[in-house]
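Below: the structure, in structure tokens.
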Amino acid sequence: MGLHLMSTLSRRMEELTSDTVRMYVCGPTVYDLIHIGNARPFIVFDALRRYLESQGREVIYVQNITDIEDKIIGRAREEGVPASEIAARYTDEYFQDLERLGVKRPTHSPKATEYVGKMIELIKVLIDKGHAYVAAGDVYFSVASFPGYGKLSGKVLEELEAGARIAVDEKKRDPLDFALWKAAKPGEPKWPSPWGEGRPGWHTECVVMSMDILGVPLDIHAGGNDLIFPHHENEIAQAEAATGKTFARIWLHNGMLTVRGEKMAKSLGNFAYARDVVAEYGTEAVRYFYLTRAYRKPLDFSDEALREAKKAVEGVYDFLWAAEALPEEGEIPEGFSAELAALEERFHVRLSEDFDTAGAIGVLQELVGAAHRLRQGGGDPIGARAAAALVRRLAQPLGLFQRARPRAEGRTEELIGLLIELRAALRSQKNFALADRIRDRLSQLGIELRDTPDGTTWTIRKGSG
RNA sequence: GGCGGCGUAGCCAAGUGGCAAGGCGAGGGACUGCAAAUCCCUUAUUCCCCGGUUCGAAUCCGGGCGCCGCCUCCA
């Protein structure tokens with residue numbers, strides 16, 4: 001099935017046709033742990049990547065690590081350690097957080113500091129072509145030299161300048177010009193260059209790394225919608241001014257995570273670290289929370305919303321684990337097979353239209369409901385098992401519903417079985433006081449018993465996984 | 001001020017021209033020694049407001065109102 005995505009650049013749906021998808025997602029600046037809002041693009045574009053792979057496409061997924069930047073230098077100063085130490089520490093923490101979030105490692109995670117030489121090459125080209133100029137050790141991109149400037153963000157140069165809140169910098173010819181190379185101030189990390197010692201500007205690294213690893217045009221360039229201007233606008237200007245070719249075909253931008261309607265941001269202090277949220281609610285609740293809202297829309301973070309997501313996830317597991325414990329008996333009614341096929345089709349249709357994960361997850365929930373009704377109507381166990389298998393298969397690219405039922409270790413299972421057996425005997429003798437005591441004590445140990453018409457089953461308490 | 005987005009049930013949320021998905025919550029019921037869990041059913045005559053186009057609009061067009069993001073580092 002085809003896939004259409006809403007591109008910020010064209011402001012319309014674009015079909016993604018390539019079998020090999022070259023995809024670039026803006027990564028973190030490693031000066032601190034990522035907050036839960038930062039995790040949104042990582043999760044949704046990871047899901048997109050996996051969905052593309054599930055369609056049999058090859059995805060080359062590149063995500064940069066900005067390991068030289070003002071905030072890193074600032075933090076290093078505060079702690080009195082080299083900037084490289086701060087960057088190394090938070091790069092490591094970032095990879096750990098990706099794992100906690102259930103995000104697959106990018107195919108490539110290039111670091112800015114490893115591309116300084118290639119950035120200098122790009123800057124040289126821009127100077128040669130008249131798109132950049134040197135000013136007292138700095139190099140600036142001349143916005144006026146690139147006619148397409150503003151095409152991504154829909155901004156018009158004159159209006160930007162009229163309302164410019166940008167601090168006037170004497171070195172710039174135009175207040176909108178942005179730094180490609182910054183001269184080093186005393187004590188700052190620095191690299192040699194034809195314009196003196198310094199370091200590259202932030203907007204340059206993504207261009208150089210993406211073009212170096214993926215070539216142009218990229219199939220997909222993605223990131224938060226707060227990067228549309230100026231970051232991505234500036235990337236387009238540099239890349240297209242240098243190469244004369246289209247930089248990226250499809251631009252995807254996720255909406256911001258908000259708290260009581262306001263953007264979550266370190267500077268506002270209204271943030272929670274991603275790892276803390278995962279520790280409290282679990283990886284899947286976090287993924288479910290994100291994937292049940294269209295990636296382009298703003299999404300409000302709250303404990304209530306996360307709790308709700310967690311309950312919804314547990315509900316699906318209740319179904320999966322119960323269905324998978326059923327015997328493989330009977331036949332799937334023809335009508336039910338057709339229903340499953342129709343639901344599968346609807347699931348894919350939802351994803352094919354701008355990767356509507358929320359709609360697709362709604363279909364998964366319908367699948368669960370259909371299986372329940374089948375059982376209720378006296379359908380064979382195999383039907384529910386088929387539905388469960390389908391849920392697992394479809395949810396796999398979303399990174400949801402892949403966990404096996406938690407099992408106790410070693411002899412524990414047999415011992416629990418023994419207690420259940422004893423309790424059943426007590427119940428048949430109407431010794432409910434003792435039977436209830438077994439149930440209560442096991443519950444205290446995190447083992448929940450459920451008396452069903454088919455006998456007693458048990459589970460390790462939810463939420464412990 | 002410019003550019004962009006959002007407004008659907010108590011809450012969250014999908015749907016973008018043909019009878020309003022789904023989740024959470026709530027109410028009723030089944031099951032049960034009790035409990036918990038689970039399951040079933042119910043829960044928007046209507047999609048912020050006002051006009052228009054259409055046989056038909058939550059969906060398209062025009063005009064309002066409200067909220068948010070970007071325009072400075074930001075996922």
Side-chain angles (χ1 to χ4, degrees), chain A residues 8 11 25-29 31 34-45 63 69-71 74 150 152-156 158-167 176 202 222-231 233 253-258 260-268 274 288-289 292-294 296-300 302 304-305 307-313 315-316 318-319 322 343 346 350 353-354 356-369 372-373 375-377 427-428 430-433 435-436 439-440 443 448-453 457-459 462:
Chain A
T8 309
R11 291 160 178 75
V25 179
C26 280
T29 298
Y31 73 105
I34 60 166
H35 68 59
I36 190 64
N38 299 134
R40 188 173 190 185
F42 303 162
I43 289 174
V44 300
F45 298 124
Q63 185 173 52
E69 203 265 344
D70 291 354
K71 285 197 284 270
L152 180 70
S153 56
K155 297 190 186 300
V156 181
E158 294 73 51
E159 281 164 3
L160 274 171
E161 284 172 21
R165 288 190 285 153
I166 304 157
L176 291 171
W202 176 49
N225 68 11
D226 53 350
L227 298 182
I228 295 172
F229 190 90
H231 186 51
E233 194 71 70
H253 290 100
N254 62 274
M256 293 294 102
L257 185 72
T258 59
R260 282 188 275 274
E262 271 196 321
K263 178 177 169 179
M264 180 181 278
K266 294 248 171 80
S267 55
L268 292 174
Y288 190 92
F289 168 68
T292 46
R293 172 73 166 172
R296 283 190 298 119
K297 295 185 183 179
L299 171 62
D300 205 60
S302 67
E304 195 193 351
R307 253 183 271 127
E308 186 187 307
K310 184 170 182 176
K311 289 212 67 159
V313 168
V316 174
D318 278 336
F319 161 70
L343 285 165
R346 281 178 51 210
R350 293 295 1 118
E353 292 174 7
D354 202 24
D356 175 11
T357 52
I361 287 171
V363 175
L364 291 183
Q365 294 281 6
E366 284 187 70
L367 244 160
V368 172
H372 283 146
R373 278 188 294 281
R375 285 293 283 159
Q376 193 75 6
R427 287 175 74 206
S428 67
K430 307 242 184 272
N431 188 344
F432 297 121
D436 288 354
R439 183 174 63 199
D440 292 345
S443 173
E448 303 285 352
L449 297 191
R450 292 179 192 172
D451 297 326
T452 75
T457 64
W458 60 274
T459 56
K462 290 178 218 164

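Letters go in sequence order (proteins before strands), and every chain restarts at 1.
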Check: [N] base within 3.5 Å donor-acceptor of [X] side chain:
X      : N     : result
A:D436 : B:G33 : yes
A:D451 : B:C34 : yes
A:R346 : B:A21 : no

Using a heavy-atom cut-off of 4.0 Å across all strands, would you classify [X] as base, sugar-phosphate, or nothing?
X      : answer
A:G37  : base
A:A358 : base
A:G362 : base
A:N38  : base
A:I34  : nothing

Which base sits across from [N] as a Watson-Crick or G-U pair, both distances under 3.5 Å?
N     : answer
B:U45 : none
B:U53 : none
B:G17 : none
B:C3  : B:G69
B:G33 : none

When you compare [N] with [M], how far apart are their [atom1] atoms, in angstrom units rounded to a whole number?
N     : M     : atom1 : answer
B:C31 : B:U16 : P     : 43 Å
B:A20 : B:A44 : P     : 12 Å
B:C61 : B:G18 : P     : 15 Å
B:G2  : B:U43 : P     : 46 Å
B:U53 : B:C11 : C1'   : 35 Å
B:A37 : B:C47 : P     : 37 Å
B:C48 : B:G66 : C1'   : 8 Å
B:C12 : B:G7  : C1'   : 14 Å

Measure from [atom1] on [X] to [atom2] on [N] and round the result to the nearest Å.
X      : N     : atom1 : atom2 : result
A:R350 : B:A14 : CZ    : P     : 11 Å
A:E304 : B:G23 : CD    : P     : 17 Å
A:E366 : B:A13 : CD    : C1'   : 14 Å
A:E233 : B:G2  : CD    : P     : 19 Å
A:E308 : B:G10 : CD    : C1'   : 12 Å

From the options [options], select the nucleotide whose nearest atom is closest to the side chain of [X].
X      : options             : value
A:R427 : B:A75, B:G33, B:G25 : B:G33
A:D226 : B:G15, B:C11, B:C70 : B:C70
A:F229 : B:C70, B:G23, B:A14 : B:C70

Side-chain heavy atoms of A:E308 within contact of A:F289, under 4.5 Å: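 A side-chain contact is absent here, since even the closest heavy-atom pair is not under 4.5 Å.
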Are any non-hydrogen side-chain atoms of A:P298 and A:R293 less than 4.5 angstrom apart?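 SC-SC contact between A:P298 and A:R293 confirmed.
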Side-chain atoms of residues 260-268 of chain A: list all donor-acceptor pairs with protein atoms under 3.5 Å, sequence neighbours left out, distances to 0.1 Å.
unit_1	atom_1	unit_2	atom_2	d
A:K263	NZ	A:D226	OD2	3.2
A:K266	NZ	A:L33	O	3.0

Atom pair OG1 (A:T357) and OH (A:Y288), whose distance is rounded to the nearest 0.5 Å: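 Rounded to the nearest 0.5 Å, the OG1-OH separation comes out at 10.5 Å.
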Assign each of A:Q365 and A:M264 to its nearest nucleotide of RNA chain B by heavy atoms, then name whichever residue's nucleotide is nearer the 5' end.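 Between the two, 5'-proximity favours A:Q365.
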Of A:G359 and A:V363, whose closest RNA chain B nucleotide lies nearer the 5' terminus?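 The residue closer to the strand's 5' end, by nearest nucleotide, is A:G359.
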List, with names and distances, any nitrogen or oxygen atoms from the protein found under 3.5 Å away from nitrogen or oxygen atoms belonging to nucleotides 26-28 of chain B.
none

Between A:K311 and B:G25, is there a contact of a side-chain N or O with OP1 or OP2 at under 4.0 Å?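 Answer yes for this pair, as a side-chain N or O of A:K311 is under 4.0 Å from OP1 or OP2.
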Please name all residues satisfying side chain to side chain contact (heavy atoms under 4.5 Å, CB included) with A:A360, sequence neighbours left out, ordered by chain then number.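 For A:A360, the residues satisfying side chain to side chain contact (heavy atoms under 4.5 Å, CB included) (neighbours in sequence not counted) are A:F347, A:R350, A:L351.
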Would you please say whether a donor-acceptor pair under 3.5 Å links the side chains of A:E69 and A:T29?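 Looking only at side-chain atoms, A:T29 and A:E69 do not form any donor-acceptor pair under 3.5 Å.
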Check the interface with nucleotides 39-42 of chain B: list each N/O to N/O pair with the protein under 3.5 Å, or write none.
unit_1	atom_1	unit_2	atom_2	d
B:C39	OP1	A:H372	NE2	3.2
B:C39	O2'	A:Q376	OE1	2.4

Could you work out, with side-chain hydrogen bond (donor to acceptor under 3.5 Å, both in side chains) as the rule, every residue matching A:R439, not counting sequence neighbours?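 Per chain and number, A:R439 pairs via side-chain hydrogen bond (donor to acceptor under 3.5 Å, both in side chains) with A:D436.
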Quick test: give all pairs of protein nitrogen or oxygen and nucleotides 3-7 of chain B nitrogen or oxygen below 3.5 Å, distance rounded to 0.1 Å.
unit_1	atom_1	unit_2	atom_2	d
B:C3	O2'	A:S153	O	2.8

